[in-house]
Amino acid sequence: MNIAVLSGKGGTGKTLVSVNLAAAAKESVYIDCDVEEPNGMLFFKPDQIIKEPVTVKIPEIDRKKCIGCRKCIDFCKFNALAYIRKNVLVFEELCHSCGGCIIACPQGAVNEKNKSIGEICSGISEHVKVFTGEMNIGETSGVPIIKKLLLTAGKQDTLYTFIDCPPGSACTTMESIKDADYCILVAESTLFGLHNFEMVYKLVKFFSKRCGVILNKCDENIINPVESFCKKENIEILGKIFYDRELATMNTAGLILSRTSEKYGSLFEQLLQTVVGKI
């Protein structure tokens, strides 16, 4: 079963939850789809690391065949092509690799070449198979990396797969949750947290995904606006994680709570059973 963990913004505790649930499940797959800032590996510290580059196709102009008709430029809606000083120029950063310019060219003057945009890494941490994607600095979209990441990790024969999604509700998050059986929404107890939570909640509703909420950074003495919203909208609260110096110290040190603390090992095992019971 594929369980996606997402949040409306970074720093909410999405990786904390997904890493510790994967560790609590013992034999599982953890996929870090936050390809702009992956940090799951910092906790798992996996062995047997394998790296594989991720490339996309971009156009390459054969100037001997090009007659300057500009049909490729007219076709491109992303302004990735321009005709300057009798030459077609390619702006690789703007290209979406749709291949339409190749079809539009009547002279067969547009070919394709590979461009590296990042890599995927895999390794083993105790009984957890760890997969992560990392996008090169300056690239505009991590969607191709996430597609390859999910395809590669999806070949594993494991009962539990935890998908650590990118923060927010952009295309990369949509790609990460599209095959999820269940979504865990992690939210912190502030008005800003509520604003971002509402965005990501609308996203999972749009995809008709079943979901529940884990409230992080809770304080018993403060009214939690996210909790109030969930009760009003009848959204299930799976559990709460309270402010705790022990948690903060272990997490800052890059330790996995499920493996280090008996208290938090029990908490995440209970959360896992609660989630499994909903699927």
Side-chain angles (χ1 to χ4, degrees), residues 2-22 28-44 46 51-56 93 96-97 116-122 128-154 160-188 190 192-214 216-217 226 251 275:
N2 294 328
I3 302 168
V5 183
L6 59 163
S7 63
K9 68 178 187 64
T12 305
K14 169 179 57 60
T15 297
L16 169 80
V17 170
S18 51
V19 164
N20 281 284
L21 285 178
S28 64
V29 171
Y30 167 83
I31 309 173
D32 194 345
C33 289
D34 188 1
V35 296
E36 291 188 41
E37 295 183 72
N39 54 13
M41 276 207 171
L42 299 177
F43 293 94
F44 279 114
K51 295 185 177 182
E52 186 179 356
V54 180
T55 61
V56 294
E93 296 78 10
H96 282 53
S97 304
S116 172
I117 60 168
E119 64 181 14
I120 59 174
C121 303
S122 61
V128 181
K129 297 176 181 175
V130 181
F131 293 83
T132 188
E134 186 168 353
M135 187 169 70
N136 292 342
I137 294 172
E139 294 298 335
T140 54
S141 174
V143 170
I145 299 175
I146 293 172
K147 283 184 176 179
K148 186 166 184 175
L149 193 58
L150 294 173
L151 181 65
T152 303
Y160 300 113
T161 296
F162 297 90
I163 304 169
D164 189 352
C165 298
S169 53
C171 298
T172 48
T173 305
M174 296 181 205
E175 188 66 32
S176 301
I177 69 169
K178 69 176 186 180
D179 294 323
D181 300 303
Y182 191 82
C183 290
I184 298 174
L185 310 182
V186 182
E188 62 181 26
T190 62
F192 185 48
L194 173 61
H195 172 73
N196 290 283
F197 171 77
E198 288 184 89
M199 288 194 301
V200 80
Y201 176 61
K202 289 178 182 175
L203 178 69
V204 297
K205 281 184 67 179
F206 179 78
F207 276 83
S208 301
K209 298 292 183 183
R210 290 175 291 172
C211 70
V213 182
I214 292 179
N216 191 25
K217 304 178 184 178
V226 180
N251 199 51
V275 172

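Quick caveat: nothing in here was measured; it's all calculated off a predicted structure. Computed from heavy atoms alone, side chains included, the values below leave out hydrogens, waters and symmetry copies.
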Please tabulate, for side-chain N and O atoms in residues 129-138, each donor-acceptor pair with protein atoms closer than 3.5 Å (sequence neighbours left out).
unit_1	atom_1	unit_2	atom_2	d
K129	NZ	Q156	OE1	3.2
N136	ND2	S116	O	3.4

Restricting to non-hydrogen atoms, name the atom on [X] and the atom on [Y] that form the minimum distance, rounded to 0.1 Å.
X    : Y    : answer
V19  : F44  : O-CZ, 3.6 Å
V143 : E175 : CG1-OE1, 4.0 Å
I117 : S141 : CD1-O, 4.4 Å
V128 : A22  : CG2-O, 3.6 Å
P166 : S176 : CD-OG, 3.3 Å
G212 : Y182 : N-OH, 3.1 Å

Are the side chains of [Y] and [X] in contact, using a 4.5 Å heavy-atom criterion?
X    : Y    : value
N216 : S7   : no
E188 : K9   : yes
T172 : C33  : no
T152 : I120 : yes
L151 : K147 : no
I214 : V5   : no

For the pair [X] (side chain) and [Y] (backbone), establish whether a donor and an acceptor sit closer than 3.5 Å, ignoring hydrogens and angles.
X    : Y    : answer
Y201 : L185 : no
D32  : G40  : yes
T173 : G168 : yes

Go through the steps for V275 and I184 under the test side-chain contact (heavy atoms from CB on, under 4.5 Å), then give the verdict.
CA-CA 8 Å; V275 172; I184 298 174; 3.7 Å; yes
Pairwise distance [atom1]([X]) to [atom2]([Y]) - rounded to 0.5 angstrom:
X    : Y    : atom1 : atom2 : value
N39  : K14  : CG    : NZ    : 7.0 Å
I145 : E139 : CD1   : CD    : 7.5 Å
F162 : N2   : CZ    : CG    : 10.0 Å
C165 : M174 : SG    : CE    : 12.0 Å
I3   : I31  : CD1   : CD1   : 11.5 Å
L6   : S169 : CG    : OG    : 9.5 Å

Count the heavy atoms of every other residue, nucleotide or ligand shown that sit under 6.0 Å from CD of E36, and state whether that count exceeds 12.
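No - once you tally the heavy atoms of other residues, nucleotides and ligands closer than 6.0 Å, there are 12 at most.
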Donor-acceptor contacts under 3.5 Å from residues 203-211 side chains, at least two apart:
unit_1	atom_1	unit_2	atom_2	d
K209	NZ	I177	O	3.4
K209	NZ	K178	O	2.8
K209	NZ	A180	O	2.9
R210	NH1	K278	O	3.3
R210	NH2	D181	O	3.4

Checking T12 now: which residues fulfil side chain to side chain donor-acceptor pair (under 3.5 Å) with it, not counting sequence neighbours?
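Expected list: none.
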Residue pair F43, N251: steps toward the side-chain contact (heavy atoms from CB on, under 4.5 Å) verdict
CA-CA 9 Å; F43 293 94; N251 199 51; 3.3 Å; yes
